[in-house]
Structure formats: structure tokens, C-alpha cells
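Labels below follow one simple rule: chain letters A, B, ... track the order of the sequence lines, proteins then strands, and each chain is numbered from 1. The figures that follow rest on heavy atoms only: side chains count, while hydrogens, waters and symmetry mates do not.
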Amino acid sequence: MNGNIVAPSILPGFMELLPADQMLFNKMLDTIRFTYEKYGFIPIDTPMIEKSEILLAKSGGETEKQVYRFSKGDNDLSLRFDLTVPLARYVAQHYNELTFPFRRYHIGKVFRGERPQKGRFREFYQCDIDIVGSESLSVINDAEILSVIYSTFKALGFQSFTIRINNRKILNGFFSWLGVENKTEVLRTIDKMEKIGEQNTARELEALGLSAGVAQEIIRLTKIKGKGDEIVESLKGMKVENEEFSTGLEELSQVCSYIGYFGIPEDNFSVDLTIARGLDYYTGTVYETVLNDYPSIGSVCSGGRYDNLAQNYTNKKLPGVGISIGLTRLFYQLREAKIVEPYGRSTPTKLLVIPMPDAMNYCLDISTRARENGIPTEVYFNEGRMGKKLAYADKLGIPFVVVVGEDEIKTGLFKLKNMKTGEQETLSLEEIIEKLKLV
RNA sequence: GUGGAUAUAGCCCAGUUGGUUAGAGCGCCAGGUUGUGGCCCUGGAGGCCGUGGGUUCGAGUCCCACUAUUCACCCCA
């Protein structure tokens with residue numbers, strides 16, 4: 001017994017995967033990156049640690065409590081809690097070197113010191129895209145973001161999902177028209193409506209100081225259903241006299257009219273007036289995406305339009321629109337619900353070369369040739385029984401094995417073993433390479 | 001920050017109304033001699049029963065505290 005051994009464990013709220021799952025996770029991440037680049041988004045990477053004064057410049061109470069903050073020497077430092085604030089700093093700092101509209105994507109870990117919970121992490125990956133304009137940014141971008149979300153989830157293999165959108169200006173304008181004071185709290189309550197139900201929403205609205213009549217008016221607005229255009233028409237018919245409301249309605253109307261041209265099927269899109277989003281910097285279009293067969297997972301991708309991204313770091317007016325996929329949570333939920341499962345591979349290796357005595361040098365040469373042709377290959381180095389060597393390939397899910405001994409070297413013909421079927425095929429090295437290239 | 005639940009092997013769990021050396025399955029390691037894995041058989045390692053106190057002749061089992069984990073609320077990806 002060794003008393004020096006420390007129980008190996010990680011902090012709660014931090015996700016760590018075993019090889020098969022990690023392969024799966026990375027595949028999803030690659031899919032997302034590939035799709036983002038297909039739309040011409042530019043990759044950036046920023047430090048995980050920022051100066052606290054930068055990160056907390058806006059500091060809306062809640063976020064400040066969740067920030068991992070520490071000091072090193074005289075420096076007051078913080079771990080980034082999202083990728084949007086670093087983007088704001090980045091754009092403000094490099095404004096003169098960037099070309100606008102700036103379309104960037106950023107995939108990286110962020111940190112939030114909150115109480116861990118199911119599907120809740122303190123360290124997680126966000127996959128963000130944002131389009132940042134200088135001074136102005138066309139509302140077509142709002143529609144294009146929808147298209148990116150659609151393509152991404154399609155590429156991830158989902159069929160039945162709905163991207164729901166709303167426009168904050170419509171809600172805020174409507175609230176103003178009704179004379180509501182504390183609009184932010186009302187927004188949050190509306191956002192929860194799907195979860196807590198209509199009655200509780202009414203109760204909460206009244207608890208916020210609204211009259212029963214006003215609460216009902218708001219609920220009545222959010223219950224307007226239909227296709228995008230139909231909702232727009234219904235809203236127009238309400239004769240709400242408020243400029244912000246009208247602007248929002250016009251924006252929503254435009255987004256709806258563009259989505260068809262972006263090739264988004266009607267089934268994957270809906271206008272939902274209860275979508276509000278909690279974050280207070282959203283000022284226009286807001287997005288939420290749900291998997292129709294698994295509503296309990298909640299939103300798997302959300303974001304919105306903001307008027308002024310970097311007001312804390314520059315005087316330039318930088319409007320933008322963007323979304324974020326919380327990949328860690330998404331992956332966790334998908335695994336939990338068995339919507340995705342590892343496909344039996346826990347290594348990228350496609351070919352294992354097993355040398356018999358005195359064949360090592362030859363095997364190393366084979367592996368080099370295979371790798372030069374893009375085939376992930378490894379050579380089994382340990383001495384031992386054949387059974388153990390094959391079991392290694394079996395356990396890692398390596399699909400092909402070739403055993404190389406005296407005969408093979410002499411004839412230049414190898415038996416390529418398919419580990420799944422157990423069949424062996426006699427082929428030359430060139431034939432093996434050609435075959436595996438296609439796998 | 002508020003409230004609830006749980007704690008036995010690496011993992012999922014048994015363990016009687018308190019009673020002797022704490023169990024199974026999965027996984028792991030080794031073997032069932034030679035250049036062929038999955039199945040099967042045999043053997044092995046691995047637990048101070050979360051920690052500390054109490055009740056008792058006797059505690060994995062009952063009581064208390066602490067700690068850890070976990071779920072929900074708030075908020076969010």
C-alpha cells in the first residue's frame with residue numbers, strides 16, 4: 001500500500017471523455033467547423049484568460065458572480081465566460097486591421113463558476129459565429145445566420161429540428177405601448193412561459209407589478225401562432241402604435257421573406273413570440289433551436305442581434321448578429337438520450353501492422369508507405385502471443401490488420417484481415433493502400 | 001445563493017429483524033504452449049463498506065455530525 005497515492009478525480013462540472021466518446025465529440029466539432037467555413041466565416045482564437053477589467057467592463061451582476069477570477073502577482077485576471085466579450089475586445093483592438101462586415105467563427109472552451117447540474121458545465125465548448133458590421137449591418141445577415149444553423153444541424157445528422165426566432169423590438173415595443181416599466185424582467189418571464197405554463201406566467205407577471213389586464217394582453221400577443229408571414233400579418237393588424245414595435249415587425253418581416261431564398265424548409269423554421277432570451281444585450285432578432293423529438297433538451301443553439309457589440313472598448317458603433325452552440329452540453333444530452341453513440345472506434349488507426357520475428361524493419365517501412373498515402377497506421381511493437389496482438393486491434397476497433405512475416409516479405413503478398421468479418425484477402429502492398437484509402 | 005436526495009470493488013449493484021472470513025455481474029490482468037481477436041473455460045488482483053463520533057456484547061446495517069457527490073430553483077450554452 002502506498003500512502004502517497006492521491007485519489008484521481010476531476011472537479012465536478014468538468015467533462016472528460018473516454019476515447020470512443022472523444023472521437024465522436026471531435027467528429028461533431030469538425031462537422032461544425034467545416035460548415036462554418038463553408039459560409040466563409042473566419043477562424044479566430046483568443047486567450048482563455050483576459051484582464052478582469054476587460055471581461056467585466058459590462059458586468060451585469062449575474063455574470064460577475066459566475067466568473068472565475070484570480071490574481072497572479074499584481075494582475076487581476078479572469079477566465080472568459082463566453083466568446084462574445086472576447087470578440088468585442090478583439091474587434092475593437094484590431095479594428096483597423098479587420099475587414100467589415102467581419103464574419104468570424106470561434107470554437108473554444110469557456111468557464112462559468114456556477115453550481116453544476118444535469119447538462120450544466122463549468123467548463124464547456126462554445127461554437128460561435130458572429131457577423132459584425134461597422135456602423136450598420138443588413139438584416140439579411142439575420143436570415144443568413146438561420147441558414148448557417150440549419151446547415152450545421154443538418155450536417156450533424158439531424159432531420160427534425162426547429163429554429164425559432166423572434167424580435168426583441170416587437171416585445172419591447174409592445175411592452176412600452178402597454179406602459180410596462182421593468183421590461184427586462186417581463187422578457188425573462190415570457191421566455192419561461194413554455195416551461196412554466198400560461199397560468200404561472202400570468203401570476204409571475206402580476207407579481208412583477210403588472211395589472212391582470214396588461215398581463216393578459218402580453219400573453220395574448222405571445223400566443224399568436226402560424227407561419228412566419230401569417231404572424232407578421234396578425235401583428236400588423238393589431239395597430240400597435242409604437243415605433244420600436246413597427247421597426248421590429250419590419251425586421252421580422254424581412255427575415256421571413258429571405259429565409260426561403262436561403263433554402264430553409266418551412267418545417268425547420270418558426271416564428272415564436274415567446275422567445276425572448278435572457279441576455280440583455282440582444283436588441284433585435286433572437287434565435288433558439290430545439291430538437292423536435294427531444295424537447296426536454298431545450299435550446300441547443302441560441303443567439304441574436306445586438307446593436308452595439310463593443311461599446312465598452314471603442315466609440316465605433318459595431319452592430320452584429322450571431323449564435324452559439326453549446327457543444328459540451330449538446331454532446332452530453334445527445335449521449336444521455338442515446339441519440340448518438342460511439343461507432344466502435346476508439347482510435348483513428350485504420351491499419352495495424354503486426355510484425356513476426358525479424359520483420360520489424362520491413363513493417364516500419366510498410367507503415368511509412370501507408371501513412372504517406374494518408375492511412376492512419378500503427379505497428380504493434382510489443383512481443384507476445386498473436387492472440388493478444390489481435391485483441392489489441394479488436395479492442396480499439398482498428399478495422400484492418402496485416403501480419404507480416406518471412407513469407408510475406410519473400411512474396412510481397414500480404415493477407416489483409418478485416419477485423420469485422422474475419423475474412424482475409426491476399427493483396428500486394430499497393431492494393432492494400434488503394435483499398436484502405438477508400439475506407 | 002435556496003431546497004431535496006444519495007454514499008459498499010474501476011463500473012452497475014446485492015447484502016435478511018444488527019451476528020463470524022463482505023458477494024455476484026461487467027471490466028481489468030494471467031493462463032487454456034507454435035502466425036489469428038470476438039465466444040467459452042480456469043485462475044488472479046482489486047473494498048478500513050465516504051470520514052468522524054454515538055447506541056450495542058457485536059454496526060456495511062440503527063442515530064448524529066461532517067465531507068463528497070447528485071438533482072431541482074435562479075441563470076444560462
Any side-chain N or O of A:Lys118 below 4.0 angstrom from OP1/OP2 of B:rC73? no

Would you say the base of B:rG35 and the side-chain of A:Glu406 have a donor-acceptor pair closer than 3.5 Å? no

So A:Phe121, base contact, sugar-phosphate only, or nothing? Heavy-atom distance under 4.0 Å. base

Can you figure out which of B:rA77, B:rU70, B:rG35 approaches the side chain of A:Pro12 most closely? B:rU70

Hey, does A:Lys109 reach any base, or is it just sugar-phosphate, or nothing, if we go heavy atoms under 4.0 Å? nothing

Euclidean distance for P, B:rG43 against B:rC26 (whole angstrom): 14 Å

Under 4.0 Å, counting only non-hydrogen atoms across every strand here, what does A:Gly405 touch: a base, just sugar-phosphate, or nothing? base

Go through the structure and list residues passing side-chain hydrogen bond (donor to acceptor under 3.5 Å, both in side chains) with A:Ser270, not counting sequence neighbours. none

Could you check, using the six-membered ring where one of them is a Trp, whether A:Phe81 and A:Phe111 have ring centers closer than 6.0 angstrom? no

Touch check for A:Gln126, heavy atoms < 4.0 angstrom, all strands: base, sugar-phosphate only, or nothing? sugar-phosphate

Which residue lies toward the 5' end of RNA chain B, A:Asn418 or A:Gly119, if each is placed at its nearest nucleotide? A:Asn418

Once hydrogens and angles are ignored, does a donor-acceptor distance under 3.5 Å link the base of B:rU70 to the side chain of A:Arg115? no

Look at the side chain of A:Glu114 and decide which nucleotide, out of B:rC29, B:rA77, B:rA72, has an atom nearest to it. B:rA77

So what does A:Arg277 touch, heavy atoms closer than 4.0 Å: a base, only the sugar-phosphate, or nothing? sugar-phosphate

Identify whether the distance between the nearest side-chain nitrogen and carboxylate oxygen of A:Lys169 and A:Glu244 falls below 4.0 Å. no

Stem regions touching RNA chain B, defined by at least 3 consecutive Watson-Crick or wobble G-U pairs below 3.5 angstrom: B:1-7 with B:67-73, B:28-32 with B:40-44, B:50-54 with B:62-66

Please determine whether a side-chain nitrogen of the Lys or Arg among A:Glu434 and A:Lys437 lies less than 4.0 Å from a carboxylate oxygen of the Asp or Glu. yes

Is it the case that the base of B:rC76 and the side chain of A:Arg329 share a donor-acceptor contact (distance under 3.5 Å, atom types as modelled)? yes

For A:Arg188, answer base if it contacts any base atom (sugar-phosphate contacts may also be present), sugar-phosphate if it contacts only those atoms, and nothing otherwise; contact means non-hydrogen atoms under 4.0 Å. sugar-phosphate

Between A:Arg33 and A:Asp30 (salt bridge meaning N to carboxylate O under 4.0 Å), is one present in this structure? yes

Is there, by distance only and without an angle test, a donor paired with an acceptor across the side chain of A:Glu288 and the base of B:rA77 below 3.5 Å? no

State, yes or no, whether a side-chain contact exists between A:Asn418 and A:Thr421 at a heavy-atom distance under 4.5 Å. yes

Closest to the A:Arg385 side chain: B:rC74, B:rU33, B:rU36? B:rU33

A:Glu123 near the nucleic acid: base, sugar-phosphate alone, or nothing, with a heavy-atom cut-off under 4.0 Å? nothing

Expressed as a whole number of Å, how far does the P atom of B:rC62 sit from that of B:rU20? 16 Å

Quick one: label A:Ala391 by what it contacts on the DNA or RNA (base, sugar-phosphate, nothing), any heavy atom closer than 4.0 Å. sugar-phosphate

Would you call A:Glu50 and A:Arg89 a salt bridge, using N to O less than 4.0 angstrom? yes

In Å and rounded to the nearest 0.5 Å, what is the CG to CD1 distance from A:Asn382 to A:Ile354? 11.5 Å

Using the rule for Phe, Tyr, His and the six-membered ring of Trp, do A:Phe124 and B:rA77 stack at under 5.5 Å and under 30°? yes

Under 4.0 Å between any heavy atoms, over every strand shown, what does A:Lys389 touch: base, sugar-phosphate, or nothing? Just pick one. nothing

Span that lies between the P atom of B:rG50 and that of B:rU33, in whole angstrom: 43 Å

Would you indicate what A:Gly298 reaches in the nucleic acid, counting non-hydrogen atoms under 4.0 angstrom: base, sugar-phosphate, or nothing? nothing

First encountered from the 5' end of RNA chain B, between A:Ser324 and A:Gly13: A:Gly13

Kindly determine whether A:Tyr332 and A:Phe121 satisfy ring-ring contact (aromatic ring centres under 6.0 Å, His included), including the steps that lead there. CA-CA 10 Å; A:Tyr332 173 86; A:Phe121 296 91; 5.4 Å; yes

Side-chain atoms of A:Met356 come closest, of B:rC71, B:rG35, B:rG38, to B:rG35

Report yes if a donor N or O on one partner sits less than 3.5 Å from an acceptor N or O on the other, where the partners are the side chain of A:Gln424 and the base of B:rU36; otherwise report no. yes

